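Inspection log for the structure reproduced underneath, given as structure tokens.
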Amino acid sequence: MIDKAREVLQKYWNYPDFRPDQNRVITSILSARDTIALLPTGGGKSICYQVPGMTLDGVTIVISPLIALMNDQVSHLKKNGISAIAITSGMSYREVDIALENAVYHKYKFVYVSPERVNTELFQQRLKVMKVALFAIDEAHCISQWGFDFRPNYLKLSKLRELQPKVPILALTASAPPQVVKDIGTFLQLSDHQLIQGNFSRPNLSYYFIKTDNKTDRIQKILRKTEGAGIVYSHTRKDTKKLSDWLQSQSIPSTFYHGGLSYQDRENARLLWMKNEKPYICATNAFGMGIDKPDVRVVAHYHLPLSIEAYYQEAGRAGRDGEKAWSIVLFNNADLTEIRNRLERSFPELKTIKHIYKVLTNFYLLPPGTGGGSSLPFQITEICQRYNLKPGVVYNSIKFLEKEGYISLSDAARTPSRIMITASQKTLYNYRLKDRIVGETIEVLLRSYTGLFDDFQVINETLLGQRTQQNRRTIVQHFRQLKKLNLIDYREQTEVPWLTFTENAVMEQNLRISPENYHLLKKMAHQRLDTFIELLTSKNECRNKIILRYFGIDEPDDCGICDVCIKRQKKPIPQSKEAKIERILNLKSKGQKDLEIIDTFPVSDKKEIIQLIQFLKDEGRII
């Protein structure tokens, strides 16, 4: 069956063959085995379930916590001629009902849902009668309290096994230490599963940790030396713009990206960066998921991440083309203090968390015993202004309420406009005769999109306006008018995150937050931070070795290209010409470039080393 899968890969994705790790995962899935796949960032995880999904008979259910990533994947599948839908929190009950009903009747090959959706009665009832080929659980590390992004709704995914016991489960993650891997297998009830771990070592990526009191000056010096694109990660939205503006003032083409920008501004920034019109982008960690740009030469951290997992994922966006790349972390003593304070702020006091929950139920007018399963647009600015709260306190309290399973907050993603015609064709025809101006809009709508009488279809009001020689606002008014008349069901596009109450609202005093669980989560967060600071401050051990050991991989050899290895290489300088040649050959075998090799020798040897490198090239011993 792997040959059939290879044909699918070539037909829909135009790739000649699988990568070795992809081949192992897909072979396991096609053998109907439960599988845990640990593939590092850029390892092509989506291929591991999309190709089997097209090869096997039935629908593939993909569980993902990120709306933006779901929408992006669905968009790519549709461009390849593959039927897919993302069921997100911005959809009405009726839209979800229709989408799941269509999945039962084989309209879609891929259905993307959030972990919260799996726990709803509607989804479970439809799942019982659906022909499912595969369950693919992305970001599977979220199932473990030891993971850096624990989400209790992942614990409820064992329901999949109960409802469809014979369907194989593929759990995917880019970063999971051994305890997390163990939890994935246990909590998902995987039977006789296969564990496939990709190569977490990045032989072309140099890890550099630089202590400096002038980070902005160091950033611009680094970027000036960089040939290709780069990402500069910052913790705050304000600093992304501030840093980008400063780089622009230094004639370094840069843009910025964070979750507070509108969809159009985020998309414009992303496109400028992808096209290398602005090769450097200053961003929060909202940037990166689903980004696959091969020529990123440097990922710099202006502020420190809180764990090795977060750092490894972000650093791994550099050098995906296999060429030399750098991950550079800038820090000073103040950063070491700030990162611990930031961790403390991410755990508000229990009474604060309870107060924020009360604020949310009051803001959304949810009396006790109501609201379970409802998704509402998250209006953070209005909430903070009305109740005199700081956004950071609200966000951090919500994150803990998520961990307790009361609510969930989606990422900010653009939900496009959708329409379904609810009137009969005869009723709609009669209305077109009655109101010829709106009738023209209906006529162009019917010519532009198919399936409007059967399902919600994504539409573009701007495009319809161009085709009817009207502006977008007029088209929207026409659709609102038709909706009031119950001729269509019209859902306008939104760009806000959605807050979902996963359980009915409760009184503040009845909110169950376990102090033991609170302190355990805080203790584990401190442990993850301590391991990152160990990596950050190490002066004698290879950075790559520390990272791999954290992921349970025993690597006996030093990488030879991180800052610690480079400094160690500079100390024992060989004196004889033969020793220098041997050293050059050794460094070349590790992928170092000529200038990097020259830099490991004393300045007094520079001329001789250049001559030796040229001699070795002339002899054909290096290229």
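Since this is a predicted model, take the numbers as computed values, not measurements.
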Nearest 0.5 Å, please: how far is CG in L9 from OH in Y15?
8.0 Å
With rounding to the nearest 0.5 angstrom, report the CG to NZ distance, L247 to K278.
10.5 Å
On a heavy-atom basis, which atom in Y312 and which in A174 lie closest, and how many Å separate them?
CE2-O, 4.1 Å
Is it true that the side chains of Q73 and Y112 contain a donor and an acceptor less than 3.5 Å apart?
yes
Is there a side chain to side chain contact (heavy atoms under 4.5 Å, CB included) between I488 and F479 once you walk through the steps?
CA-CA 8 Å; I488 66 169; F479 289 152; 4.0 Å; yes
Between H258 and T284, is there a side-chain donor-acceptor contact under 3.5 Å, judged purely by atom types and distance?
no
Nearest heavy-atom pair of V111 and A103: which atoms, and what distance?
CG2-CB, 3.9 Å
Partner of F378 under ring pair (Phe, Tyr, Trp, His ring centres under 6.0 Å), picked from Y395, F501, Y364, is Y395
Assess, by modelled atom type and distance only, whether the side chains of R473 and Q477 contain a donor and an acceptor separated by less than 3.5 Å.
no
Flag the pair E267 and R270 as a salt bridge only when some basic side-chain nitrogen lies within less than 4.0 angstrom of an acidic carboxylate oxygen.
yes
Could you check whether K293 pairs with D321 (Lys NZ or Arg NE/NH1/NH2 to Asp/Glu carboxylate O, under 4.0 Å)?
no
Y302 ring centre to K215 NZ or CZ under 6.0 Å, with the angle to the axis within 45°?
yes
What is the ring orientation for F347 with F400, classed by angle as parallel under 30°, tilted 30 to 60°, or perpendicular over 60°?
perpendicular
I'd like to know if the side chain of E461 pairs up with that of Q493 as donor and acceptor (distance under 3.5 Å, no hydrogens or angles considered).
no
Short side-chain donor-acceptor distance under 3.5 Å, N119 and E116:
no
N-O pairing of K107 and D454 below 4.0 Å
no
Pick out which of R94, E101, E95 makes a side-chain contact (heavy atoms from CB on, under 4.5 Å) with I98.
R94
Specify the closest pair of heavy atoms between Y257 and F287, including all atoms of both residues, with the distance to one decimal.
CD2-CB, 3.5 Å
For residues T502 and S408, is any side-chain donor paired with an opposing acceptor at under 3.5 Å?
no
Side chains of T468 and Q470: do they bring a donor and an acceptor to under 3.5 Å?
yes
Apply side chain to side chain contact (heavy atoms under 4.5 Å, CB included) to residues I407 and I398 and explain how you reach the verdict.
CA-CA 7 Å; I407 57 179; I398 285 174; 4.0 Å; yes
Salt bridge flag under 4.0 Å for residues E492 and R418
no
Please report the interatomic distance CD(E503) to CG(L401), rounded to the nearest 0.5 Å.
11.0 Å
Any non-hydrogen side-chain atom of I383 less than 4.5 Å from a side-chain atom of L360?
yes
State, without any angle test, whether Q10 and N14 hold a side-chain donor-acceptor pair at a distance under 3.5 Å.
no
Evaluation steps, side-chain hydrogen bond (donor to acceptor under 3.5 Å, both in side chains), between D239 and T236
CA-CA 5 Å; D239 280 332; T236 67; 2.9 Å; yes
Flag for R491-S417: side-chain donor and acceptor within less than 3.5 Å:
no
Quick one: does NZ or CZ of K324 land under 6.0 Å from the six-membered ring centre of W326, within 45 degrees of the ring axis?
yes
E314 and H301 side chains, donor-acceptor separation under 3.5 Å
yes
Pairing donors with acceptors under 3.5 angstrom, does anything connect the side chains of N471 and T474?
yes
